[in-house]
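As the structure is a computational prediction, the values presented were derived from the model and not from experiment. Every chain is numbered from 1, with letters handed out A, B, ... down the list of sequences.
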2 protein chains.
Amino acid sequence: MKKTVLVFGLLIIALLILFQLSKFSVLSGDLKIETIIAIIALVFFFIGVFIHKKSILNKPVAIHTIDKHKIEELEITTREYEVLKHISEGLSNKEIGEKLFVSESTIKTHVSNLLIKLNAKRRTEAVNIAKQLQII
Amino acid sequence: MKKTVLVFGLLIIALLILFQLSKFSVLSGDLKIETIIAIIALVFFFIGVFIHKKSILNKPVAIHTIDKHKIEELEITTREYEVLKHISEGLSNKEIGEKLFVSESTIKTHVSNLLIKLNAKRRTEAVNIAKQLQII
DNA sequence: AAAAAGCTCATACTAAAGTACCAAATGCCT
DNA sequence: AGGCATTTGGTACTTTAGTATGAGCTTTTT
């Protein structure tokens with residue numbers, strides 16, 4: 001954060017200098033107006049790129065968009081989806097049951113249905129497939 | 001791709017117009033040179049941001065850097081790491097054994113060691129922890 | 001050379017996970 | 001009201017997963 005402030009400060013100073021320089025140059029006729037504008041344009045273009053790059057790096061970048069349409073397509077119910085998410089968190093059937101206040105039997109039923117709908121043999125495979133389908 | 005070319009073309013045309021306008025304005029004294037420069041700067045700043053955004057979207061964006069240092073820190077061996085990756089792919093112990101040409105017993109040993117080193121109770125939890133630690 | 005680390009594998013367990021059925025309660029739709 | 005999907009949960013069973021322990025073998029380290 002300190003770094004960002006520093007960078008911005010330096011940029012502003014540099015720009016002020018550029019402004020003054022350009023003004024002076026035009027008045028004295030040393031440089032054409034096109035040249036000045038080209039330089040300014042280039043500098044700000046790269047500043048734009050730089051700033052955006054920084055802002056990207058600070059964000060976690062959620063390219064992780066869940067495909068709700070796919071969930072419906074697979075006919076995964078609300079409850080099953082909840083179970084699926086808890087499986088991906090590494091919980092056991094018993095633990096999931098406790099979290100959702102239902103018996104382990106119920107979770108087993110949900111898991112079995114999930115495996116069929118996701119065409120998986122195991123819960124680990126189900127998680128893998130679900131991630132590839134971008135539904136979790 | 002066609003879209004990109006179109007956008008670029010329009011941008012170049014817009015800039016040429018800006019150039020001519022600025023030249024004329026300065027000569028006719030309608031606008032101050034600072035104003036022109038400010039406008040140019042702003043426009044190119046956003047162009048920079050826009051272009052960078054586009055270039056990011058086209059890339060797969062591999063923010064997925066595996067922390068090799070962490071793997072060593074946890075004292076996870078080469079073989080154990082191979083097993084870990086296969087677990088995350090959703091394979092069973094038997095299947096992993098077949099892939100690595102060793103017995104299921106061996107895989108079980110590796111898995112048990114992995115669970116201890118990753119402080120996990122189950123393979124699903126191990127995968128989850130490994131992903132959080134960015135080692136897979 | 002001896003010790004340590006890594007990989008291998010086996011046996012004998014216990015504990016989860018998963019399958020196959022069946023069945024009941026609830027809520028929703030038309 | 002009757003049908004349908006969802007959720008719940010039970011029993012009984014098979015299959016994986018995971019633990020504990022011991023042991024042989026190879027490579028690296030001391």
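Not counting sequence neighbours, the partners of L74(A) by the side-chain contact (heavy atoms from CB on, under 4.5 Å) test are K70(A), I76(A), L118(A), L133(A), I135(A). With sequence neighbours left out, the ring pair (Phe, Tyr, Trp, His ring centres under 6.0 Å) criterion links H52(A) to H52(B). With sequence neighbours excluded, no residue satisfies side-chain hydrogen bond (donor to acceptor under 3.5 Å, both in side chains) with N128(B). Shown here are the side-chain contact (heavy atoms from CB on, under 4.5 Å) partners of S103(A), two or more places apart in sequence or in another chain: S105(A), T106(A).
Counting heavy atoms from C-beta outward, V111(A) and R123(A) have side chains that approach closer than 4.5 Å. Under the 4.5 Å side-chain criterion, counting only non-hydrogen atoms from C-beta, V127(A) is in contact with I87(A). Annotation: side chain of Y81(A) is in contact with side chain of I66(A) (closest heavy-atom distance under 4.5 Å). The shortest distance between side-chain heavy atoms of Q134(B) and T65(B) does not fall below 4.5 Å. Taking the side chain as every heavy atom from C-beta outward, F44(B) and I47(A) never approach each other to under 4.5 Å. Contact check for V102(B) versus I107(B): side-chain heavy atoms found under the 4.5 Å cut-off. You'll find the side chain of V83(B) stays beyond 4.5 Å of the side chain of E80(B), heavy atoms only.
The CD atom of E72(A) sits 16 Å away from the P atom of dA5(D) (whole-angstrom rounding). Across the protein-nucleic acid pair, L91(A) atom CG and dA16(C) atom P stand 14 Å apart, rounded to whole Å. Counting to the nearest Å, the P atom of dG18(C) and the CD1 atom of I107(A) are 12 Å from each other.
Near DNA chain C, meaning a heavy atom under 4.0 Å away, the residues from residues 111-132 of chain A are V111(A), S112(A), L115(A), R122(A), R123(A). Residues of residues 73-82 of chain A having a heavy atom closer than 4.0 Å to DNA chain D, listed by number: T77(A), T78(A), R79(A). Taken residue by residue, residues 92-105 of chain B places heavy atoms nearer than 4.0 Å to DNA chain D at S92(B), N93(B).
A salt bridge (Lys or Arg N to Asp or Glu O under 4.0 Å) check over residues 38-52 of chain B, counting only residues at least two apart or in different chains, returns nothing. Applying the salt bridge (Lys or Arg N to Asp or Glu O under 4.0 Å) definition to pairs two or more places apart or across chains, those involving residues 81-90 of chain B are R79(B)-E82(B).
Interatomic distance, NE2 of H110(B) versus CG of N93(B), reported as 11.0 Å (0.5 Å rounding). Distance CD1/I71(A) to CG/L84(A): 8.0 Å, rounded to 0.5 Å. Taking CZ from F45(A) and CZ from F50(A), the interatomic distance works out to 14.5 Å, rounded to the nearest 0.5 Å.
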Scan nucleotides 23-30 of chain D against the protein and return all N/O pairs shorter than 3.5 Å with their distances rounded to 0.1 Å.
none

Identify each atom pair where a protein N or O and an N or O of nucleotides 22-30 of chain C are less than 3.5 Å apart, giving names and distance.
none

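The residues K117(A) and E75(A) are annotated as not salt-bridged, no charged nitrogen and carboxylate oxygen being separated by less than 4.0 angstrom. The pair E95(A)-R122(B) counts as a salt bridge, with a side-chain nitrogen and a carboxylate oxygen less than 4.0 angstrom apart.
The side chain of H110(B) places an N or O atom within less than 4.0 Å of a non-bridging phosphate oxygen (OP1 or OP2) of dT8(C). Here T106(B) does not reach the OP1 or OP2 of dT8(C): none of its side-chain N or O atoms lies under 4.0 Å away.
With axes fitted over five pairs at each extremity, the angle between the ends of the helix from dA1(C)-dT30(D) to dT30(C)-dA1(D) is 50° (10° resolution).
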